[in-house]
Amino acid sequence: MESILKTEYSDQFDLERKHRIEVSYYKYGPARENFGSGRVDALATAELCIEAFKKDHNTEHLVDAANYLMFRYKSVSYTHLRAHETLANL
């Protein structure tokens, strides 16, 4: 596994993603509230980031797109958790 990750994985990419998530948290609030509530369409926003990258080749757009895709992936969990919280409060 380690030999594969040395050539097929980017720790730098992860560091950049984590940094941007931290900045976003303080700027916009918790992702759970923004994406779990449906306030932000993560998939559509990721697509906009990819389109921006195609125009200017700025790799920061790819970092942002990856984060939005992760938030989309997690939003299913947010929704599922909210359903359980709602049932517990009945």
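Given the structure is predicted, the values throughout are model-derived calculations rather than measurements. Here, residue 1 is the first one in the sequence, and each next residue gets the next number.
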Give every residue pair that meets the salt bridge (charged side-chain N to carboxylate O under 4.0 Å, His left out) criterion with at least one member in residues 56-69, sequence neighbours excluded.
Arg20-Glu60, Arg20-Asp64
On a heavy-atom basis, the closest approach of Asn34 and Gly29 is ND2-O, 3.7 Å
Looking at every non-hydrogen atom in both residues, tell me the closest pair between Ala65 and Ile50 and how far apart they are.
CB-CG1, 3.9 Å
Spacing of [atom1] belonging to [X] relative to [atom2] belonging to [Y], to within rounding of 0.5 Å:
| X | Y | atom1 | atom2 | answer |
| --- | --- | --- | --- | --- |
| Glu16 | Asn67 | CD | CG | 10.5 Å |
| Leu69 | Glu47 | CG | CD | 8.5 Å |
| His61 | Thr59 | NE2 | OG1 | 9.0 Å |
| Glu33 | Tyr25 | CD | OH | 8.0 Å |

Residues in salt bridge (charged side-chain N to carboxylate O under 4.0 Å, His left out) contact with Arg17, at least two apart in sequence or another chain:
Asp14
In the hydrophobic clustering (ILVMFWY, side-chain contacts below 4.5 Å, transitive), which residues join [X], or is it alone?
| X | answer |
| --- | --- |
| Leu62 | Phe53 |
| Val63 | Phe13 |
| Val23 | none |

Are Val40 and Ile21 linked, directly or through other ILVMFWY residues, by side chains that come within less than 4.5 angstrom of each other?
yes
Which of parallel (below 30°), tilted (30 to 60°) and perpendicular (above 60°) describes Phe71 and Phe35?
parallel
My understanding is that only residues two or more places apart in sequence, or in another chain, count here; which of them pass side-chain hydrogen bond (donor to acceptor under 3.5 Å, both in side chains) with Glu22?
none
